[in-house]
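Residue numbers run from 1 in the order of the sequence given.
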Amino acid sequence: ELVRRHRNDVFRLVYHMVRNREDAWDLSQEVFIKAFRGLSGFRGAASFRTWLFRIATNQCKDHFKKRSLPTVALGDIIEEVRLPGTDSDPRRELDAQGLAQAIESALPSLSAKHRTAFVLREYEGLSYEEMGKAMGCSLGTVMSRLHHARKNLRKALARMGVLEE
């Protein structure tokens, strides 16, 4: 039941980090195996989903250490982005999709820690507290990483000509 309930969230997070479907499926399965083996260590201090995200984040870090690959880039498939109230305005919807593509292109310029913070907040919708538990750091560190991620992302988008500085 827990796998069925959380598999899509875990897969999406892992896929955003590794950018490869096969690796994401394998790593997601390993996350659930580790969670099952460590279930007795789950204390309930965080939600089960946050605990799984912590395992998934660590699993991806281990994966990159073994392979020496770049970390935390978003997937090739850009999900449709809709700004509030733009359902009836195709031009604004197209602009939003263009911005999503630009963000996708700019994310690899961020450090791994900043990309992780950005993905967990903006794509997974975690609270700062959940992010801290998933990343294994304090609330202040979460806020700092997210601030720097957004600041550096704005700079990268400005260099690309998408935003004005």
Legend entry - Separation of M160 CE from Q101 CD (nearest 0.5 Å): 9.5 Å

N/O donor-acceptor pairs under 3.5 Å from side chains in residues 27-41, not counting sequence neighbours:
residue, atom, partner, partner atom, Å
S28, OG, A24, O, 2.7
E30, OE1, Q59, NE2, 2.5
K34, NZ, Q59, OE1, 2.9

Inset, instruction - Verify, without hydrogens or angle tests, whether K133 (side chain) and A45 (backbone) share a donor-acceptor contact under 3.5 angstrom. - result: yes

Inset, instruction - Could you verify whether a donor N or O on one side chain and an acceptor N or O on the other, from S144 and H147, lie under 3.5 Å apart? - result: no

Legend entry - CE (M143) with more than 12 external heavy atoms under 6.0 Å: no

Inset, instruction - Please round to the nearest 0.5 Å and tell me the distance separating atom CZ of R115 and atom CG of N152. - result: 11.5 Å

Legend entry - ring-ring contact (aromatic ring centres under 6.0 Å, His included) pairs, two or more places apart, involving residues 38-61: H6-F48, F42-F48, F42-W51, F48-W51

Inset, instruction - Inspect the contact between E1 and R4 and indicate whether a charged nitrogen and a carboxylate oxygen are less than 4.0 angstrom apart. - result: yes

Inset, instruction - Specify the closest pair of heavy atoms between L126 and A134, including all atoms of both residues, with the distance to one decimal. - result: CD2-CB, 4.3 Å

Inset, instruction - Report the residues that fulfil salt bridge (charged side-chain N to carboxylate O under 4.0 Å, His left out) with D9, sequence neighbours left out, ordered by chain and then residue number. - result: R12, R49

Inset, instruction - Might you work through the side chain to side chain contact (heavy atoms under 4.5 Å, CB included) test for V14 and C60, ending with a clear yes or no? - result: CA-CA 7 Å; V14 172; C60 290; 3.8 Å; yes

Legend entry - Inter-residue atom distance L107.CG - E122.CD, 0.5 Å rounding: 10.0 Å

